[in-house]
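Quick note: numbers below take in every heavy atom, side chains included, and nothing from hydrogens, waters or symmetry partners.
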Amino acid sequence: MQANDAQTLVLCALADGPLHGYAVNAAIERLVGERLGPGSLYGALTRLEAKGLVEPVEESGRQRPVQLTAEGRAVLERELRSMAKVAAAGLRSLGVSPA
């Protein structure tokens, strides 16, 4: 899985609301059937925070939950719309109708 893929998965996991790292990874596992490695997960979270796409919320004990920023939501929406166009075009080329 590439770094950009990991970032998109993290943004998707956070679309429903704030989560801490372990919960983000559990949401990703429910979504795609596999977890990110710790380096990929926390690297993605660090890069997304540096880009202003996620931000920390009030800590609860050792956990450090993060949430999407308004810009993070906008970036995720653009990325998902782009992915949907590519998927639809690919499925048409294969002669398969979209699900």
Side-chain angles (χ1 to χ4, degrees):
M1 190 164 301
Q2 305 217 345
N4 209 32
D5 296 337
Q7 290 178 52
T8 301
L9 289 172
V10 169
L11 291 174
C12 284
L14 293 171
D16 285 333
L19 297 170
H20 57 80
Y22 183 84
V24 168
N25 223 357
I28 289 170
E29 185 175 26
R30 285 191 301 276
L31 185 64
V32 297
E34 62 183 82
R35 290 176 166 272
L36 297 177
S40 295
L41 174 63
Y42 291 102
L45 284 166
T46 298
R47 287 188 296 279
L48 291 168
E49 189 171 347
K51 293 176 184 178
L53 303 182
V54 301
E55 62 190 0
V57 294
E58 202 170 306
E59 292 185 28
S60 55
R62 283 183 10 157
Q63 299 170 341
R64 185 178 176 259
V66 295
Q67 65 185 1
L68 289 178
T69 62
E71 180 64 17
R73 284 192 172 282
V75 166
L76 177 59
E77 182 178 347
R78 282 194 305 270
E79 180 70 18
L80 293 176
R81 288 186 186 279
S82 175
M83 291 168 69
K85 285 180 187 177
V86 170
L91 290 169
R92 277 194 305 276
S93 295
L94 292 171
V96 178
S97 45

Nearest-0.5 Å distance, [atom1] of residue [X] to [atom2] of residue [Y]:
| X | Y | atom1 | atom2 | result |
| --- | --- | --- | --- | --- |
| Asp5 | Glu79 | CG | CD | 8.5 Å |
| Leu41 | Ile28 | CG | CD1 | 6.0 Å |
| Leu14 | Leu45 | CG | CG | 7.0 Å |

* **Residues which pass side-chain contact (heavy atoms from CB on, under 4.5 Å) with Val86, listed by chain and number, not counting sequence neighbours** => none

* Asked: Of all residues at least two apart in sequence or in a different chain, which pass the side-chain contact (heavy atoms from CB on, under 4.5 Å) check with Ala84?
  -> none

* **Sequence neighbours excluded - side chain to side chain donor-acceptor pair (under 3.5 Å) pairs with any residue from residues 83-93** => none

* **Salt bridge present between Glu58 and Arg64 (N-O < 4.0 angstrom)** => no

* By salt bridge (charged side-chain N to carboxylate O under 4.0 Å, His left out), which residues pair with Glu55, not counting sequence neighbours? -> none

* salt bridge (charged side-chain N to carboxylate O under 4.0 Å, His left out) against Arg81, all qualifying residues, sequence neighbours excluded ->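 Residues passing salt bridge (charged side-chain N to carboxylate O under 4.0 Å, His left out) with Arg81: Glu77.
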
* Please step through side-chain contact (heavy atoms from CB on, under 4.5 Å) for the pair Leu11 and Leu48, ending with a clear verdict. => CA-CA 8 Å; Leu11 291 174; Leu48 291 168; 4.0 Å; yes

[X] vs [Y] side-chain heavy atoms within contact, under 4.5 Å:
| X | Y | answer |
| --- | --- | --- |
| Leu36 | Val10 | yes |
| Pro65 | Val57 | yes |
| Ser97 | Leu91 | no |

* Kindly give the heavy-atom pair with the smallest separation between Arg35 and Ala26, and that separation in Å. =>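 The pair with the smallest heavy-atom distance is NH1-N, 3.8 Å.
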
* Ala6 and Ser40: which non-hydrogen atoms are nearest, and at how many Å? -> CB-O, 4.3 Å

Check residues 68-76 and write down every donor-acceptor pair under 3.5 Å in which the side-chain atom is one partner and the other belongs to a residue at least two apart or another chain.
{"unit_1": "Thr69", "atom_1": "OG1", "unit_2": "Gly52", "atom_2": "O", "d": "2.7"}
{"unit_1": "Thr69", "atom_1": "OG1", "unit_2": "Leu53", "atom_2": "O", "d": "3.2"}
{"unit_1": "Thr69", "atom_1": "OG1", "unit_2": "Glu71", "atom_2": "N", "d": "3.4"}
{"unit_1": "Thr69", "atom_1": "OG1", "unit_2": "Gly72", "atom_2": "N", "d": "3.0"}
{"unit_1": "Arg73", "atom_1": "NH2", "unit_2": "Ala15", "atom_2": "O", "d": "3.0"}

* **Geometric cation-pi criterion, Arg47 with Tyr42: 6.0 Å, 45°** => no

* Asked: With hydrophobic residues grouped by side-chain heavy-atom distances under 4.5 Å, do Val32 and Leu80 end up in a single group?
  -> yes

